[in-house]
Amino acid sequence: MKKAKSQSKHTPARASSAKSLVQLFLVSSIVSSVALISGCNPSSPPPPGKPMETLVPREAESNAAAPQYPTQWLGGKTLTVAPGVHVLGELSPSAVYAIETSDGIILIDSGSDELARGVRESLLSVGLRLEDVRYVLITHAHYDHVFGANRIRTISGSIVAAGKDDCQVLRGPDLPALYSVFPKIPYSGAAIEVDRELVDGDRIELGDVTVEAIAAPGHTPGSTCYLLTRGDQKILFCGDVISSIDFGPATYSAELAPKYRGDATAFVATIDRLLEMGPPDLLLTGHPRQQKRLQSIRLDEATWQGMLRPARDELQAMVDRQARDGADFLDGHPKPIEPGVFYLGDLDGIAVYAIFDQQKLRVVNAPGADAFQAFLSARLDALGLKTERPATILLTSDRPDHRSGLESMPRNTVVFAPTSITTALKNDGLDAQTPSAASAIPLQLLETPMGLCYSYSVDGREVLLTPDAPRNVSLVWKNRLSGRKTMGDLQPQMEDLMAELAETEERLTAYRKTLLRMEPFRPDVWLPSRPLAGQNANLYDDDWDEIIDNNLRPVDAVERRF
C-alpha cells in the first residue's frame, strides 16, 4: 500500500433526510446513466453561425438546382445524406439507415423497439413505407440494432440477413449476449429469425442496388459492415465497428468477459483492414447520437487514421496484456490468477478465492451454507490442486452471505473476521481471530466500515481482496479524436448500488469511508467479494483511481439527498 495522501480530494456532503427525493433521484439518475452509456443522450445545438456543409453529387455539380445533401449533423435527426440514402436518426440509441432501390427498400439494422414504431414513423418522414422493405441487414447482434427485425419482417415480408457468426445468438435468442452490459429494455424473448447468413464478400442485390458484406469481427464475432457503391461514390455502413465519429470503434466489448463475445485480436485485424481500405466517401456509424458537435460524414485520410489508429493501439495493448498477465475474468469459471492465487468461482453471488502459501491453503470468503465445503472441494479438484482442509478462512465482510458456509466447516477452523462478528464466531466454536492478529498470516490486513481488505504481494504484483466496496459499476469511453474520457454506468449494477446506498444513512457513510480508506492502494490485481459483469481482475494505468471515483459519484449524489 502506498503512503496515504495528506488530504483526500473527496469530501463528504452535508446530510439531511429526504427519502422521497432520494427515490426521485434514483429514477432520474438511472435514466441519465442509460442515456449516457447507450449513446442516446440529447445532442448539443450546433455552434452559432457555423453553416451546414453540403455535398453535391458529382454528376450534378454543374447544375445549380441540383439537390444538396448535408454531410454534417449531430446525429439526432432523420435526413437524406445521399441520393436514396436516409439516416433514421431520431431512433435511440442506435440509428437505422434506409436505402431506396428500384425494387423496394434495404434497411441497415432494425432498431431496439420490438414493435418498430419509430422505424415506421421515420420512414414516413422521408416519404417511404415500412411495407416496402425488402431486406433488413443486421450489422451485429446487440439489442439496439436487432429487436425490431421480427416486426419488420412480419409487416413487409422482408429478408433478414446477418453475419454468420452472430446468427446463433439471434436465433437463440441469447439474451445476455444480445443485451451485453447495457440496460434491459422490454423484449418478449422471441427468437430473431435470420433468413440469410452472410460471410465476407457476399453481395446483396435488390433492383438497381448492390451492397457488399464486409466481415468485421471484434465488437461481436459476426459484426458486418455494408458497402454501397453508386457510381464512383462509396458509402460504408459500419454499425458499432465504428460507433460514432467522435468515439470511433466500440472497443469496450473486447474488455468484457468472453460471454459478451468481444475479441481484441479479431478487432485489431478488422481495424487493419479498414486502414488499408481507406476512408469511404461517406461514413454512416451505428451511434451518431453520441456526437456532441457537428461532424462531417465525409472523412479525409488524416481523420480516418486519427480515429482508427488510437483504437488499434488500445486493442493491441489489451492483446499484449492478456498474453502477459492472463485473461483473468472473474466470470464463474475457476482459474489461476497469479502464482499461488486462484479464483474458485462464485457461490450465492459471492466470490471465493484460494491462496497457497508455504503449503498452507487459505480460503477467502465462505458463502453457500452447507454447500460450501462440497463447492470448495470440487473447485480445487477442477484446478488440479490438492484438496485439504483450509489452514485459514479469511472473511472480507461481516454480512451473513459471506460467511454462511462456515457452518459446514470443522468447529475449530481458524477464521479471520471483522471485529464486529468475532465474538459470535467464537461462540459458535470457531477460532475467530481479529485484525489485530494479522501478523499470523502473510497478508497485510486493513479493517474498514464495510469489512476487511487483504493485500498480498506475489512476484512484485500487488493483489487486493476487498469486501462489498468498491464495485465494478462503470465503463470508460474514450473520444478517439480528442482523447477525452466519458464515464458510462453499467446497469443494473449502478442501479442496485444506488438503491442500497439510499437505504440508510449509516450504510452510505460506511461506503464512503471504506472507499476513502482504500483509495491509497495501487493494486495490480483486484479480487472483489462481489465480481460484477465477469470483470477482469487485472488493473492497469489509472484503473484503480477510476474505480474509486466511479463509486464515489453515486455516494456523492445520494448523500446530497439525505
Side-chain angles (χ1 to χ4, degrees), residues 82 84-88 91 94-124 126-174 177-178 187-217 220-230 235-241 284 286:
V85 179
H86 314 277
V87 52
L88 311 185
L91 302 178
S94 61
V96 173
Y97 296 93
I99 304 169
E100 293 185 66
T101 81
S102 59
D103 194 26
I105 301 166
I106 298 173
L107 288 185
I108 308 295
D109 286 335
S110 64
S112 60
D113 178 7
E114 190 171 6
L115 299 178
R117 289 166 294 197
V119 175
R120 177 189 286 278
E121 292 170 3
S122 293
L123 284 172
L124 286 172
V126 292
L128 301 176
R129 301 190 319 147
L130 191 63
E131 290 79 3
D132 295 328
V133 173
R134 297 293 173 261
Y135 271 96
V136 179
L137 306 182
I138 301 299
T139 61
H140 65 288
H142 279 161
Y143 80 97
D144 49 330
H145 298 261
V146 303
F147 275 0
N150 286 342
R151 181 66 173 168
I152 294 170
R153 179 202 285 107
T154 298
I155 292 173
S156 65
S158 54
I159 294 170
V160 175
K164 181 178 180 180
D165 289 336
D166 273 1
C167 290
Q168 183 177 351
V169 165
L170 293 167
R171 289 170 175 149
D174 182 343
L178 287 174
Y187 183 61
S188 66
I192 299 168
E193 293 300 333
V194 180
D195 305 298
R196 182 174 173 185
E197 297 184 357
L198 299 174
V199 296
D200 187 54
D202 278 352
R203 298 166 72 86
I204 298 93
E205 298 179 350
L206 183 66
D208 58 345
V209 167
T210 299
V211 175
E212 180 184 356
I214 300 174
T220 67
S223 286
T224 302
C225 297
Y226 297 99
L227 182 64
L228 169 64
T229 302
R230 276 185 164 168
I235 303 175
L236 186 66
F237 305 86
C238 57
D240 285 3
V241 173
L284 300 178

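All values below come from the heavy atoms of this structure, side chains included, with hydrogens, waters and symmetry mates left out.
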Enquirer: Is any side-chain heavy atom of Tyr187 closer than 4.5 Å to a side-chain heavy atom of Ile192?
Expert: yes
Enquirer: Strictly distance-based, threshold 3.5 Å: is any side-chain N or O of Asp109 a donor or acceptor partner for the main-chain N or O of Val96?
Expert: no
Enquirer: Please tell me if the side chains of Arg171 and Val194 come closer than 4.5 Å, counting only heavy atoms from C-beta onward.
Expert: yes
Enquirer: Do side-chain atoms of Tyr226 reach the backbone of Ile138 as a donor and acceptor pair under 3.5 angstrom?
Expert: yes
Enquirer: Check Leu178 against Pro173 and note the closest heavy-atom contact, atom names and distance.
Expert: CD1-CB, 3.8 Å
Enquirer: side-chain contact (heavy atoms from CB on, under 4.5 Å), that's the test. Do Glu100 and Leu128 meet it? Break it down for me.
Expert: CA-CA 9 Å; Glu100 293 185 66; Leu128 301 176; 3.6 Å; yes
Enquirer: Enter the distance from Ile204:CD1 to Arg196:CZ here, rounded to the nearest 0.5 Å.
Expert: 5.0 Å
Enquirer: If you take all heavy atoms of Ile105 and Ala98, which pair is closest and at what distance?
Expert: CG2-CB, 4.1 Å
Enquirer: Kindly compute the distance separating NE2 (His86) from CG (Leu107), expressed to the nearest 0.5 Å.
Expert: 10.5 Å
Enquirer: Side-chain contact test, heavy atoms from C-beta onward, threshold under 4.5 Å: evaluate it for Ile152 versus Leu130 and give yes or no.
Expert: yes
Enquirer: To the nearest 0.5 angstrom, please state how far the CG atom of Leu137 sits from the OH atom of Tyr97.
Expert: 14.0 Å
Enquirer: Just jot down the side chain to side chain contact (heavy atoms under 4.5 Å, CB included) partners of Thr220, sequence neighbours excluded, or say none.
Expert: His140, His142, Asp166, Ser223, Arg261
Enquirer: For the pair Glu197 (side chain) and Cys167 (backbone), establish whether a donor and an acceptor sit closer than 3.5 Å, ignoring hydrogens and angles.
Expert: no
Enquirer: Tell me which donor-acceptor pairs under 3.5 Å the side chains of residues 115-122 have, and how far apart each pair is, sequence neighbours excluded?
Expert:
unit_1 : atom_1 : unit_2 : atom_2 : d
Arg117 : NE     : Asp113 : OD2    : 3.2
Arg120 : NH1    : Glu131 : OE2    : 3.1
Arg120 : NH2    : Glu131 : OE2    : 3.4
Ser122 : OG     : Gly118 : O      : 3.1

Enquirer: Would you give the length of the straight line joining atom CG of Asp174 to atom CD of Gln168, rounded to the nearest 0.5 angstrom?
Expert: 8.0 Å
Enquirer: Are Thr101 and Arg134 close enough that some pair of their side-chain heavy atoms sits under 4.5 Å apart?
Expert: no
Enquirer: Any side-chain to backbone donor/acceptor pair from Ser94 onto Asp144? Under 3.5 Å, distance only.
Expert: yes
Enquirer: For the pair Asp200 and Ile214, evaluate side-chain contact (heavy atoms from CB on, under 4.5 Å) and give the outcome as yes or no after the intermediate values.
Expert: CA-CA 5 Å; Asp200 187 54; Ile214 300 174; 4.1 Å; yes
Enquirer: Once salt bridge (charged side-chain N to carboxylate O under 4.0 Å, His left out) is applied, do any residues pair with Asp208, and if so which ones, sequence neighbours excluded?
Expert: none
Enquirer: Would you call Arg153 and Val136 a side-chain contact if the rule is heavy atoms closer than 4.5 Å?
Expert: no
Enquirer: Does Leu123 form a side-chain contact (heavy atoms from CB on, under 4.5 Å) with Asp132? I'd like the steps, not just the answer.
Expert: CA-CA 10 Å; Leu123 284 172; Asp132 295 328; over 6 Å; no
Enquirer: If you measure from CZ on Phe237 to CG on Leu228, what distance do you get to the nearest 0.5 Å?
Expert: 5.5 Å
Enquirer: Between Ala141 and Val169, what is the shortest heavy-atom contact and its length?
Expert: CB-CG1, 4.1 Å
Enquirer: Quick one, Leu284 and Val87 - any side-chain contact, counting heavy atoms below 4.5 Å?
Expert: no
Enquirer: Report yes or no: does Ser110 contribute a side-chain atom to a donor-acceptor pair with the main-chain N or O of Val146 at less than 3.5 Å?
Expert: yes
Enquirer: Do Ile99 and Arg230 come close enough that some side-chain heavy atom pair is under 4.5 Å?
Expert: yes
